[in-house]
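What you see below is based on every heavy atom in this structure, not just the backbone, and it leaves out hydrogens, waters and symmetry mates. We name chains A, B, ... by the order of the sequence lines, and we start the count at 1 in each one.
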Amino acid sequence: MSVSTTQSSISHSSHTLSSPSQTIGSLTIDQQIEMIARGTFDIVPKADLKAKLLKSAKDGKPLQIKLGLDPTAPDIHLGFAVVLRKLRQFQDLGHEVVIIIGDYTALIGDPSGRSTTRPMLSSEEIAANGQTYVTQLAKVLDAEKTIVRFNSEWLGKLSFAELVNLASKMTVAQVMQREDFANRFSLGQPISLHELLYPLAQAYDSVAIRADVEMGGQDQTFNNLAGRALQKELGQEPQVVLLMPLLVGLDGVKKMSKSLGNYVGISEAPAAMFGKLMSISDELMPTYFELCTDVPMPDVRILTDADSTHPREAKKRLAREIITLYHGTAAAQAADDEFERVHKEHQVPEEMPEVVVSAESVDADGQVRLTALLVAANLAPSSGEAKRLIQQGGVSVDGTKFADPAGMLLVRSGQVIKVGKNRFARLVAPTGV
RNA sequence: GGGUCGGUGUCCGAGUGGUUAAAGGAGGCGGUCUGUAAAAUCGUCGGUGCAAGCCUACACAAGUUCAAAUCUUGUCCGGCCCA
C-alpha cells in the first residue's frame, strides 16, 4: 500500500488488470456484478457500473474505487468492515482502491461545541496517521492495490475564488434535500454554514482523483451523489455510487458504532467476538451472514430458516465464520468450544482477567469488602452499582451466590468472581496471604 | 440590531418557592424464563459510606429567601419572528 501526498501517486495506478485466483478471473461481467451487488443498499446507476467494468476489462485498466474516511482513529468494527470487504472484492477483481483521509474536511469542520480550532497537522503527523491506517486497513484490504491520499493535498490548494466557483455549482435547495439537514431544519435545530460545504468538499475529492466508483455507507448517499453531480459539472465521467447498508449493532436497533458500545471490533479476542455474536437477535442473522461473511447466499437461506437449522446452531456458525475471517479457523473453533464449556456446561472460561487484590484493601483477617473489590476489578463502575448488583443476586464467588451487599470476602488466590451472565475475574491474593 | 421563547439526569420529557436525588417514557443493568436470541415478567439506575449520614446535581455566575430546578439580575448557547 502506498501512502503519498503527491499528485504523481495517481499515475502509478495503471498496471494491468490481474486477478488473485482463477475462479475470480474467469467470472463474466454479469457474474462480477452479481458478486458486487451482494448486500448492497443501492448502486446508482447499475448500468453505469456494468459499462465501467466492461471498459476496464477491455482496456486492461483497473477502476479507481474511492472511499473517504475521517482522520479520526479508525474503529474497525464489523460495520466498517462491511464497506471494506466490498472494497476488497473490487480489489480481488483487479481494481484499485483509493482511500481518502479527510484531514482537510476535518480541519474546516469546527463543531460549534468546540472552542479551539484543531491544530493543523504537520506533514510528518499526516504521514504517521496514514501509516496507522495502512496497518489497520490491511486487515481487510489488499495492501498492493490500495492507495492512501489526504484531501488537504487538493483542498488546501483551492483559492477562495475557486471555492466560490465550486459553491456556485450547488444550490441551497439541493443541499437541503439531504435528509438530516432537512430534519434538523424543520425541527428548528441549528445548522452551521460550514456543514453545508461538507458535501461539496467531499464531492471535490472525487473530481481530484477521478473516481470511477465511490463506496460508502447508506448514510453517505447524498455526499456521494454530490460527487457524481460535480464530476459531471466539471466535465468528468460521473462516478458510480455504491452504497452499503449500515450494519445494525448488537442491540438490533441502532447502527453499529463504537460510541454506542454495540459493536464487535475486528481485532477483538475470538472468545469475546463469539460471545457478542451469540447475543444478537435471530432477526439479525440473515443480515450478518450476508454482510459479514462469505457464506454463499443459498446456504445462508438454509441456515437462517428455522425449520432447517436450529437458530442457535446457525448463530454459532455465523460466529465461527466471522471469527475465521479475522483470526483463522483454529481460533474460531477454540472460541466455539470455550463457549460451549462456559454456557452449556456452566464452567468458567479458561481465560479471564486477573485481579490482583491490593495488600492495603485487605484487613487483618485477610478479608476484603466485596463492593470495593468489584470496583477495583472493573466489574462495577461504582460501589453503589456494586451494591446493587450484589443485592439483586448478580454476583457469585466460585459459583456460590454472594448476597450480602456489605459482606466481606476472605480472599484466596484463584477465586473466580462472576458478575451478571458473562463477566468474570480471577483473584490473585496479595503476597503472603 | 430588535422582539420573543427556551437550555432539567444517558436521551426524550414533566415539574413555576418547601415531604424533589427530581413524575413519566426510552434506554442501560440485574434476577426469573430461554437457545447468554426475542418476547414476557420482577427489580433497579448520581457519588461516597457497613450504616446513620454526608456531598454533588436542573446551562454558568451573582443575588432575594428560613428554604430556589422553580423568583431577580448578568453572562453564555440555541430556536422562531422582524430588520
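- The residues A:Glu313 and A:Arg317 are annotated as not salt-bridged, no charged nitrogen and carboxylate oxygen being separated by less than 4.0 angstrom.
- Of the residues near RNA chain B, A:Phe274 and A:Glu385, the one whose nearest nucleotide (by heavy atom distance) lies more toward the 5' end is A:Glu385.
- Side-chain N or O atoms of A:Glu283 include none that pairs as donor or acceptor with a backbone N or O of A:Gly252 at under 3.5 Å.
- Following rounding to the nearest Å, A:Ile390 (CD1) and B:G31 (P) show an atom-to-atom distance of 13 Å.
- Checked for salt-bridge contact, A:Asp363 and A:Arg369 miss the test: no charged N lies under 4.0 Å from a carboxylate O.
- A straight line from NZ of A:Lys344 to P of B:G35 spans 10 Å, rounded to a whole angstrom.
- Nearer to the 5' terminus of RNA chain B, by closest-nucleotide assignment, is the contact made by A:Pro311 (compared with the other of A:Pro311 and A:Pro381).
- Candidate nucleotides B:G35, B:C29, B:C45 were compared by shortest atom distance to the side chain of A:Lys315, and B:G35 ranks first.
- Between A:Lys157 and A:Glu162, none of the side-chain N atoms (NZ, or NE/NH1/NH2) sits under 4.0 Å from a carboxylate O, so this pair counts as no salt bridge.
- For A:Arg423, the listed nucleotide lying nearest its side chain is B:G30; candidates were B:G31, B:G30, B:G35.
- No side-chain donor from either of A:Ser382 and A:Glu385 sits under 3.5 Å from a side-chain acceptor of the other.
- Distance A:Asn262 CG to B:G27 C1': 12 Å, rounded to the nearest Å.
- Under 3.5 Å, the side chain of A:Gln392 and the base of B:G31 form no donor-acceptor pair of N or O atoms.
- Using atom C1' as the reference point in both B:A68 and B:U64, the two lie 10 Å apart (nearest Å).
- Taking atom CG of residue A:Leu389 and atom P of nucleotide B:G43, one finds them 18 Å apart after rounding to whole Å.
- When the P atom of B:A26 is taken as reference, atom CG of A:Asp251 falls 16 Å away, rounded to whole Å.
- Of the N and O atoms on the side chains of A:Gln220 and A:Glu214, not one donor lies less than 3.5 Å from an acceptor on the other residue.
- Applying a 4.0 Å cut-off to non-hydrogen atoms, none of the residues of residues 283-306 of chain A approaches RNA chain B.
- B:C58 sits 12 Å from B:U10 when the P atoms are compared, rounded to a whole Å.
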Atom pairs under 3.5 Å, N or O on each side, protein against nucleotides 49-53 of chain B: can you list them with distances?
unit_1	atom_1	unit_2	atom_2	d
B:G49	OP2	A:Ser383	OG	2.7
B:G49	O6	A:Lys387	NZ	3.1
B:C50	OP1	A:Arg369	NE	3.1
B:C50	O4'	A:Arg369	NH1	3.3
B:A51	OP1	A:Lys387	NZ	3.2

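- Residue A:Met273 comes nearest to A:Gly265 through the heavy atom pair CE-O, 3.7 Å, listed as atom of the first residue, atom of the second, then distance.
- Using a 4.0 Å cut-off between charged nitrogen and carboxylate oxygen, A:Asp205 and A:Arg149 do not count as a salt-bridge pair.
- Geometrically, A:Lys276 engages A:Tyr263 in a cation-pi contact, judged by NZ or CZ lying under 6.0 Å from the ring centre and within 45° of the ring axis.
- Comparing the same atom, C1', in B:C29 and in B:C81 gives a spacing of 46 Å after rounding to whole Å.
- To the nearest whole angstrom, the two P atoms, one in B:G13 and one in B:G7, are 10 Å apart.
- For B:G24 and B:C60, the C1' atoms lie 29 Å apart once the distance is rounded to whole Å.
- Comparing B:A51 with B:U70, their P atoms sit 32 Å apart, to the nearest whole Å.
- In this structure a side-chain-to-backbone donor-acceptor pair under 3.5 Å is present from A:Asn151 to A:Tyr104.
- B:A38 atom P lies 11 Å from atom CG of A:Leu250, rounded to whole Å.
- Under the 3.5 Å distance criterion, the side-chain polar atoms of A:Lys145 are matched with a main-chain donor or acceptor of A:Gln91.
- Here B:G35 is the nucleotide among B:G35, B:C45, B:A37 with the atom lying nearest to any side-chain atom of A:Arg312.
- Candidate nucleotides B:C33, B:G30, B:G35 were compared by shortest atom distance to the side chain of A:Lys421, and B:C33 ranks first.
- For RNA chain B, the stems formed by at least three consecutive Watson-Crick or G-U pairs, with both atom-pair distances below 3.5 Å, span B:1-7 with B:76-82, B:10-12 with B:24-26, B:27-32 with B:40-45, B:46-48 with B:53-55, B:59-63 with B:71-75.
- Remark: the separation of the C1' atoms in B:U20 and B:G9 is 13 Å, to the nearest Å.
- Nearest heavy-atom pair across A:Thr324 and A:Ala332 is OG1-CB, 3.4 Å.
- Atom CG of A:Asn422 sits about 9.0 Å away from atom CZ of A:Phe339, to the nearest 0.5 Å.
- Across B:A62 and B:G49, the matching C1' atoms stand 34 Å from one another, rounded to whole Å.
- Relative to the side chain of A:Ser382, the nucleotides B:G35, B:G47, B:G31 differ in distance, and B:G47 lies closest.
- For B:G35, its base sits under 3.5 Å from the side chain of A:Asp282 at one donor and acceptor pair at least.
- Residue A:Phe339 contributes atom CZ, which lies 9 Å from atom P of B:A37 at whole-angstrom precision.
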